[in-house]
Amino acid sequence: MKKTGIISAVVTAMLLAGICGSVSAMEPNADGKANDGNYEVILGYDEPLYKKAKAYEKAGKYVHALATYWDAMLAAPVPENGEASLIAYDNLCEIIRNGKPGKDIKFDEFDLYDGWVALWNEYVDYWTANNSYYFTAKSPTRESLNMDAHTATYKSAIIPQRSMKFIDITRILQEGNEKSRTAEWKSVPADFENAISSKIPSYTDYVMVFDLIGGDGQRLCTSKSFTPRVETRAEKYVTVYNGTYGLGETYTWYDGPSFTVDSKTMKIIDAGDTWIKPVSLTCKGKKIPVYSVDWSFSKRSFSEKWEKKGILVDIEGTRDGIGGGIEFDAPYMTRCAKERRQKEKAAQAEKERQEKAEKERAEREAKLEQEIKDRFAKASEQPYITVSGASFSMDYNGKKISVNSFAIGVTEVTIKQFNDIKDMSPLRDIRKIGPVQVNWYDAIKFCNLKSIEEGLTPCYSIGNNSDTSKWGRGNFDYKAEDVECNFSANGWRLPTEAEWEYAAKGGQNKDSFKYSGSDNINDVAWYFLNSNKEVHPVAQKEPNTIGLYDMTGNVSEWCWDKKDSCRACRGGSYNDSNTSCEISKTHDTDPYYAICGFRIVRTISAETIATKTSQKSSKSSKEVSLGFTPQTLTKDIRKQINISDKKVKGVVVRDIKSGSPASKMNLKDGDVITAVNGKKITDEKDFKDAVNNKKNKTLTFDVNRNGMCFKTEPYTIR
């Protein structure tokens, strides 16, 4: 039957619980839709059986309505299409279970009794006119041979059982009857099923004819007509159903069709490639459509496992046009389809949620990865800075010490930088811009190899030999005290503790911060409480006042200084407490342990510094003076001028001179310049690049003043 009305959504979870879960009655609107408060349901209004059942229900013929809703569910091309009938079926079940065979009617005791009398009579009428059985047809087995005629007789069995529809509707009526009945009721039986047995046709009233069908679908022969009758045989058998085995000594058979066949057909049957098909069915002389009756198919055979014991195997199953088992329970089948669809819908929603979450996670990670790369790229624009020498008091030992000028790495040596040096054993790590963690011996070997690669004079030697390939394998062949350092060489080396602390304190700035660049460790360092116990890419925290990243935290850094058989490590690591990360703290570490990172320095001669100063002066001759000092907006400065918005970036205006271009542009001390001529700036370098060499050019600044944004008056450089 064609059905175009399709259920579009699940109704309620109640429909999934039990054979007849209850739902509130729903009536469709003009569009054939109904709503239970949670889901919209498109009812199968154009299904002929559904409409027929609705008409029965409206007329108060509830048994006919229930049975026809059942037939509508069973007739659905797919179980989901039977949901409209299931809803109506369950609604009517609930009404009858409540003990009142009618809806929206006020019953007195007599009305209630009359209603049940009518319902009982209708129940009898329906099952008198309609089949109440389903039949299991068994495959034929050989009964006898006729040697003279070269023929054999095969016989099957037909096992009748009450249909699922009969059992379910009877149970519904029985529940309502038990709820409402009183001792005075005479014309309504207490037990519907037993009371009706004598009033409706029995399986012995059926006359049947079957065809024997070959595996290719061709009819082989037709049986004589017969009536199922009980016959108990004493034989061992085992029933196999859904993987469950049951062994018995006797088997109840019912007389079934017999087939007389020739030797050719015998071979086909014995090969197990045949089945039987009902072709004619009458009940008390009335012809019944074959497929208006439910049929199942069961194959009886010897299996290899049981053959040696002489035990027949009864295998329940289905074959072609003959269905079987639970498939005849239409409400159950439809509910399972609803439950399956609910699960599929929930699974799809969960899949979409996970896909969305995964996409968002990937986007976040990609954005974070790009931010990490951008910060590292910015830090790498000037990989080394020069720190001018001076005298200072070390926090570590309280001594006043002098350091010469030196160049120092802006970041700790990264894994990529380490792996890029020829002859270094590469580190297998995907965090290319994360700092290395190596032993002290690998750190000094890296310094020498990098120096040679860049044409510089190596600093480290053993026995006057700076060729690291001749040194052996670290402390297996030599000790740390065997290594000598030529501090006057221009190659790369590890810093001394004094150089490290001097740089960490901002060089000549002589910062008094507890950590390198701040008193707030979270601003400048990865340590135990914020690192998630893992190393992070370099240059992701704020630098100190001279532009060095990660001097505090992330990984401890090897220094040259000896401490008995150990070497000094400074700065603390991702796994250390805030106290251990203070500038003043030092850690004595076995040089063999690969637990520290390092950054490299090299001695800068006075001549080199003079050349750089000259180059800087030459460059500054082209610089434009606007009459104020630009200062990068760092976290500490943010606090000073009370800017909490982290999105604001730029340079802070300091020390405005009277009558200067800055004063003419109405700038004030503490203003933040965020853009020049519309181009965003983030630090002093960006600002100088934007204003220098702009003679006869007009400048306009975007300014943030106490959270208020505006543009300055245009100013033309002369």
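For the numbers below, each heavy atom of this structure counts, side chains included, while hydrogens, waters and symmetry mates do not.
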Under the salt bridge (Lys or Arg N to Asp or Glu O under 4.0 Å) criterion, do Lys367 and Glu363 qualify, and how do the steps go? CA-CA 6 Å; Lys367 183 179 179 181; Glu363 289 173 350; over 6 Å; no
If the test is side chain to side chain contact (heavy atoms under 4.5 Å, CB included), which one of Ile401, Ile583, Val403 qualifies with Glu501? Ile583
Does either side chain, that of Thr468 or that of Asn448, offer a donor lying less than 3.5 Å from an acceptor on the other one? no
Take Arg341 and Glu344, measure what salt bridge (Lys or Arg N to Asp or Glu O under 4.0 Å) needs, and give me the verdict at the end. CA-CA 5 Å; Arg341 194 176 62 179; Glu344 289 172 352; over 6 Å; no
Looking at Val555 and Val436, what are the two nearest heavy atoms and their distance? CG2-O, 4.3 Å
Between Phe598 and Trp560, does the ring centroid distance fall short of 6.0 Å? no
So, Lys541 and Asp550, do they make that salt bridge, N to O below 4.0 Å? no
For Asp374, is there an ion pair with Lys378 - N to carboxylate O distance below 4.0 angstrom? no
Using only atom types and a distance under 3.5 Å, with no angle test, would you say the side chain of His587 pairs donor to acceptor with the backbone of Ser580? yes
Assess, by modelled atom type and distance only, whether the side chains of Ser466 and Ser461 contain a donor and an acceptor separated by less than 3.5 Å. no
Does the Arg599 side chain pair with the main chain of Val410, one donor and one acceptor, at a distance under 3.5 Å? yes
Once you round to the nearest 0.5 Å, how far does CZ of Phe513 lie from CD1 of Ile521? 14.0 Å
Counting only heavy atoms from other residues, nucleotides and ligands, does the tally under 6.0 Å from CG of Asp645 exceed 12? yes
Is there a donor-acceptor pair closer than 3.5 Å between any side-chain N or O of Thr496 and the backbone N or O of Glu499? yes
Step through the shown structure and confirm whether more than 12 heavy atoms of other residues, nucleotides or ligands are within 6.0 Å of NZ on Lys563. yes
Less than 6.0 angstrom separating the ring centers of Phe628 and Phe687, yes or no? yes
Between Pro661 and Gly627 the two heavy atoms that sit nearest each other are CD-N, 4.5 Å
Counting distance only, does the side-chain N/O of Asn692 pair as donor-acceptor with the main-chain N or O of Asp689 below 3.5 Å? no
At what distance, to the nearest 0.5 angstrom, does CD1 of Ile656 lie from OG of Ser663? 7.5 Å
Does atom CZ (Phe528) have a neighbourhood of more than 12 heavy atoms from anything else shown, all under 6.0 Å? no
Counting distance only, does the side-chain N/O of Asn439 pair as donor-acceptor with the main-chain N or O of Tyr441 below 3.5 Å? yes
Please check if atom CG in Asn520 has more than 12 non-hydrogen atoms from other residues, nucleotides or ligands closer than 6.0 Å. yes
Donor-acceptor contact below 3.5 Å, side chain Asp683 vs main chain Thr632: no
In sequence, state the C-alpha distance, the side-chain angles, and the governing distance for Arg361 and Glu365, and then conclude on salt bridge (Lys or Arg N to Asp or Glu O under 4.0 Å). CA-CA 6 Å; Arg361 182 195 63 77; Glu365 289 185 355; 2.4 Å; yes
Check Glu339 with Lys343, please: is the shortest side-chain N to carboxylate O separation under 4.0 Å? yes
Considering non-hydrogen atoms only, spot the tightest contact between Thr411 and Ala539 and give its length. CG2-CB, 4.2 Å
Short N-O contact, Asp519 and Lys514, less than 4.0 angstrom: no
Counting only heavy atoms not in Phe487, do more than 12 fall under 6.0 Å of its CZ? yes
On a heavy-atom basis, the closest approach of Phe406 and Asn404 is CD2-O, 3.2 Å
If you compare all heavy atoms of Arg493 against all heavy atoms of Cys485, which two are closest, and at what distance to 0.1 Å? CD-SG, 4.0 Å
Taking Trp492's backbone N and O only, do any of them form a donor-acceptor pair with Ser451's side chain (distance below 3.5 Å, no angle check)? yes
Any donor-acceptor pair under 3.5 Å from Asp467 side chain to Ser469 backbone: yes
To the closest 0.5 Å, what do you measure between OG1 (Thr386) and CZ (Arg602)? 8.0 Å
Examine distances only and state if a side-chain atom of Asn544 and a backbone atom of Leu548 form a donor-acceptor pair shorter than 3.5 Å. yes
Would you please indicate if the ring centroids of Trp558 and Phe446 are separated by under 6.0 Å? no
May I ask you to establish whether Lys445 and Trp471 are in a cation-pi arrangement, using a distance under 6.0 Å from NZ or CZ to the six-membered ring centre and at most 45° from the ring axis? no
Should the pair Glu557-Arg570 be classified as a salt bridge under the 4.0 Å nitrogen-to-oxygen rule? no
Measuring from atom OG1 of Thr674 to atom CD1 of Ile681, what distance do you get when rounded to the nearest 0.5 angstrom? 7.0 Å
Does a side chain donor of either Ser405 or Ser388 reach within less than 3.5 Å of an acceptor in the other side chain? no
Does this structure show an ion pair linking Lys505 with Asp395, if we count only N-O contacts that are shorter than 4.0 Å? yes
Among Thr700, Asp686, Val651, Val691, find the residue that satisfies the side chain to side chain contact (heavy atoms under 4.5 Å, CB included) test when tested with Val676. Val691
Please step through side-chain hydrogen bond (donor to acceptor under 3.5 Å, both in side chains) for the pair Thr552 and Ser516, ending with a clear verdict. CA-CA 6 Å; Thr552 299; Ser516 182; 4.7 Å; no
Output, in order, the C-alpha distance, side-chain angles, deciding distance and verdict of side-chain hydrogen bond (donor to acceptor under 3.5 Å, both in side chains) for Thr586 and Glu497. CA-CA 9 Å; Thr586 186; Glu497 280 199 89; 2.8 Å; yes
Rounded at 0.5 Å granularity, tell me how far CD in Glu454 sits from CD1 in Ile421. 7.0 Å
Could you grab the distance from atom CG of Asn706 to atom CD1 of Ile643, nearest 0.5 Å is fine? 7.5 Å
Between Glu582 and Lys585, does at least one N-O distance fall below 4.0 Å, as a salt bridge requires? yes
Taking the side chain from Asn486 and the backbone from Cys459, do they hold a donor-acceptor pair closer than 3.5 Å? no
Contacts of Lys711 that satisfy salt bridge (charged side-chain N to carboxylate O under 4.0 Å, His left out) - sequence neighbours left out: Asp702
Could you go step by step and tell me if Ile546 and Val387 meet the side chain to side chain contact (heavy atoms under 4.5 Å, CB included) rule? CA-CA 8 Å; Ile546 59 173; Val387 182; 4.0 Å; yes
Going through the distances and angles, do Asp669 and Arg654 end up as a salt bridge (Lys or Arg N to Asp or Glu O under 4.0 Å)? CA-CA 5 Å; Asp669 194 83; Arg654 296 293 197 194; 3.6 Å; yes
Charged N to carboxylate O under 4.0 angstrom, Arg375 versus Glu371? no
Is Glu350 paired with Arg353 through a side-chain N to carboxylate O contact shorter than 4.0 Å? yes
Test side chain to side chain donor-acceptor pair (under 3.5 Å) applied to Glu352 and Gln348, Gln354, Lys356, the passing residue: Gln348
